[in-house]
Amino acid sequence: MHSKEPKDLSNDYLQLARIAMTGRAQDIQFLVHRASKDYKDSNPKLATELISLLRESPTRTSPLRKQAEAPLPVDVDSRLQLLRIDHSFTEDKPQFSLHIENAITQLLSERRNEKALLKLGLHPTKSILFTGPPGVGKTLSAKWIASQLKRPLLVLDLAAVMSSYLGRTGNNIRFVLDYAKQTECVLLLDELDAIAKRRDDNSEVGELKRLVTVLLQEIDDWPPSGLLIAATNHPDLLDPAIWRRFELVLNFSIPSQEQIKNFVSELLTPHMDDPKPWDMILSLALTGKSYSDIEKLIIQARKASAMSNRHIEEELIAIVQNNLELSRAQRAELAFELSNRGTVSQRRAQEITGVARETIRKQNQKGKQKNG
């Protein structure tokens with residue numbers, strides 16, 4: 001005999017949808033928890049699946065439901081949380097250079113085939129160091145790796161960790177890493193150079209130098225079950241011993257022209273009927289820019305277009321005009337692309353780039369002969 005379905009199933013569904021649309025994660029979890037109890041007798045399969053979801057779901061106090069009894073560590077004096085959970089996961093794959101893409105693909109493959117490695121006495125890569133200038137994708141890559149592994153991303157809160165009582169900063173570092181070691185997560189130590197400076201730097205006080213020793217000990221004890229990612233914009237400031245502790249070091253560089261072209265295309269495709277002429281043009285104009293800088297410029301162009309009620313192409317031309325830190329040859333190539341793709345007239349291309357119209361005409365003729 002089948003159990004009678006609870007009368008309030010539709011009400012629960014509507015309430016869940018209503019709360020979900022407000023984005024209140026804790027309220028959603030509370031409702032799911034209550035539903036798992038309500039349906040325990042009438043629909044045990046549903047109740048079991050709801051409980052399973054709760055165990056996998058992150059909360060504000062702990063990244064995993066099953067570890068809810070272990071709240072995030074806090075600084076003893078300020079009571080500020082030493083870690084934050086980054087919920088802004090991305091399913092969009094970042095624009096990787098070939099060697100970084102190969103390394104990260106290998107890393108993810110190791111994690112997905114962990115049992116096969118363990119049978120051979122091996123363990124997956126457990127620690128990675130990202131280096132490179134700001135805005136080139138280090139943090140975004142950490143988020144993407146966490147999303148691919150379906151693990152929460154815990155981020156060290158540097159301001160909270162650096163206690164006004166220097167002796168306690170080392171303890172805070174221990175609290176953070178000890179907590180993360182017991183959690184199925186990806187831990188990101190951003191701005192690593194702030195806590196791992198060279199110990200031969202005479203400008204640093206002794207207590208800060210002892211932080212490096214604490215950090216080295218904690219990294220040495222990091223378990224293969226976890227993944228530790230550290231990032232720095234200033235690799236030259238790192239203590240030499242830090243480098244040896246990381247199994248994998250990846251250097252992120254300013255994106256290539258092809259990477260900028262692909263990135264611009266991703267940014268413009270949802271907002272333009274045909275972004276193709278502009279991905280090449282902007283890849284030339286924005287040579288040397290970071291991903292972060294490029295994204296900011298595109299967003300500014302979209303905002304300006306919306307406020308002025310002008311077509312976005314006009315704002316993209318403004319980006320080109322305002323970012324012409326290019327060589328003479330690069331300017332000539334850019335002028336050619338602007339006029340050849342029908343984006344603007346040769347006269348307008350001259351005004352934008354400062355390249356003579358005669359030079360642009362010659363470039364066009366060479367292009368036609370080459371394609372002819």
Side-chain angles (χ1 to χ4, degrees), residues 63 83 86 89-90 93-133 136-156 158 161 170 173-199 211-253:
L83 286 168
D86 193 317
F89 281 177
T90 176
K93 186 177 179 181
Q95 291 288 330
F96 294 128
S97 63
L98 182 60
H99 83 280
I100 289 180
E101 178 163 7
N102 290 340
I104 291 180
T105 299
Q106 170 74 17
L107 168 75
L108 296 175
S109 179
E110 290 177 9
R111 288 285 162 177
R112 290 163 182 158
N113 296 278
E114 190 171 353
K115 291 182 179 178
L117 294 177
L118 292 175
K119 285 182 180 179
L120 298 176
L122 302 171
H123 64 74
T125 300
K126 61 181 183 177
S127 58
I128 319 171
L129 175 61
F130 290 164
T131 69
V136 292
K138 300 188 294 298
T139 302
L140 184 63
S141 297
K143 292 180 180 181
W144 190 74
I145 289 171
S147 71
Q148 293 301 296
L149 296 177
K150 294 180 170 54
R151 293 190 175 193
L153 179 67
L154 301 186
V155 183
L156 174 73
L158 195 61
V161 166
I173 296 293
R174 287 193 178 93
F175 292 156
V176 165
L177 276 86
D178 286 347
Y179 177 88
K181 286 173 186 176
Q182 302 172 43
T183 307
E184 292 183 4
C185 69
V186 175
L187 174 62
L188 175 61
L189 303 181
D190 209 355
E191 300 181 62
L192 181 66
D193 48 277
I195 55 174
K197 288 186 177 180
R198 301 178 64 96
R199 283 171 290 184
L211 279 181
V212 179
T213 302
V214 170
L215 189 59
L216 292 173
Q217 293 170 347
E218 292 295 323
I219 295 175
D220 284 341
D221 293 336
W222 188 259
S225 58
L227 179 59
L228 172 64
I229 301 177
T232 178
N233 301 333
H234 305 285
D236 53 307
L237 298 180
L238 292 180
D239 190 274
I242 288 290
W243 293 86
R244 298 192 296 271
R245 264 42 181 211
F246 288 93
E247 296 178 322
L248 180 63
V249 177
L250 296 179
N251 181 45
F252 289 69
S253 56

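In this text, all values refer to a predicted model and were calculated from it rather than measured experimentally. When a residue number appears, it is its place in the shown sequence, counting from 1.
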With sequence neighbours excluded, residues passing side-chain hydrogen bond (donor to acceptor under 3.5 Å, both in side chains) with Thr125 = Glu110
Nearest 0.5 Å please: distance from the CZ atom of Arg112 over to the CG atom of Leu107.
-> 9.0 Å
Rounded distance (nearest 0.5 Å) linking atom CD1 of Ile229 with atom CG of Leu153 = 7.0 Å
Please list, chain by chain and in numerical order, all residues satisfying ring-ring contact (aromatic ring centres under 6.0 Å, His included) with Phe96, sequence neighbours excluded.
-> Trp144
Between Thr105 (side chain) and Glu101 (backbone), is there a donor-acceptor pair under 3.5 Å?
-> yes
Looking only at heavy atoms, what is the nearest atom pair of Leu187 and Ala180, with distance?
-> CD2-CB, 3.7 Å
Run the side chain to side chain contact (heavy atoms under 4.5 Å, CB included) check on Lys138 and Asn233 step by step: do they pass?
-> CA-CA 9 Å; Lys138 300 188 294 298; Asn233 301 333; 2.8 Å; yes
Output all residues satisfying salt bridge (charged side-chain N to carboxylate O under 4.0 Å, His left out) with Asp220, sequence neighbours left out; order by chain, then residue number.
-> Arg245
Carefully, step by step, assess Asp86 and Leu188 under the rule side chain to side chain contact (heavy atoms under 4.5 Å, CB included).
-> CA-CA 10 Å; Asp86 193 317; Leu188 175 61; over 6 Å; no
Minimal non-hydrogen separation, Pro224 against Pro124, with atom names | O-CG, 4.0 Å
Calculate, to the nearest 0.5 Å, the distance between atoms OH and CG belonging to Tyr179 and Leu154 respectively.
-> 6.5 Å
Tightest non-hydrogen contact, residues Phe130 and Ala142, listed as CE1-N, 4.1 Å
Answer yes or no: is there a side-chain heavy-atom contact under 4.5 Å between Ile128 and Leu227?
-> yes
Got a second to check how far Arg244's CZ is from Ile219's CD1, nearest 0.5 Å?
-> 12.0 Å
Taking Thr131 for its side chain and Thr232 for its backbone only, find out whether a donor-acceptor pair lies under 3.5 Å.
-> no
Does any non-hydrogen side-chain atom of Leu149 lie less than 4.5 Å from one of Leu108?
-> yes
Lys93 vs Gln148 side-chain heavy atoms within contact, under 4.5 Å = no
Taking all non-hydrogen atoms of both residues into account, name the closest pair between Gly137 and Ser141 and its distance.
-> O-OG, 2.6 Å
Show your reasoning for whether side chain to side chain contact (heavy atoms under 4.5 Å, CB included) applies to Ile242 and Leu216.
-> CA-CA 7 Å; Ile242 288 290; Leu216 292 173; 3.6 Å; yes
Once you round to the nearest 0.5 Å, how far does NZ of Lys126 lie from CZ of Phe246?
-> 11.5 Å
Quick one: CG on Leu129 to CG on Leu192, what's the gap to the nearest 0.5 Å?
-> 6.5 Å
Sub-4.5 Å side-chain heavy-atom contact between Leu215 and Asp239 | no
Would Lys181 and Glu218 satisfy side chain to side chain contact (heavy atoms under 4.5 Å, CB included), going step by step from the backbone distance to the final call?
-> CA-CA 10 Å; Lys181 286 173 186 176; Glu218 292 295 323; 2.8 Å; yes
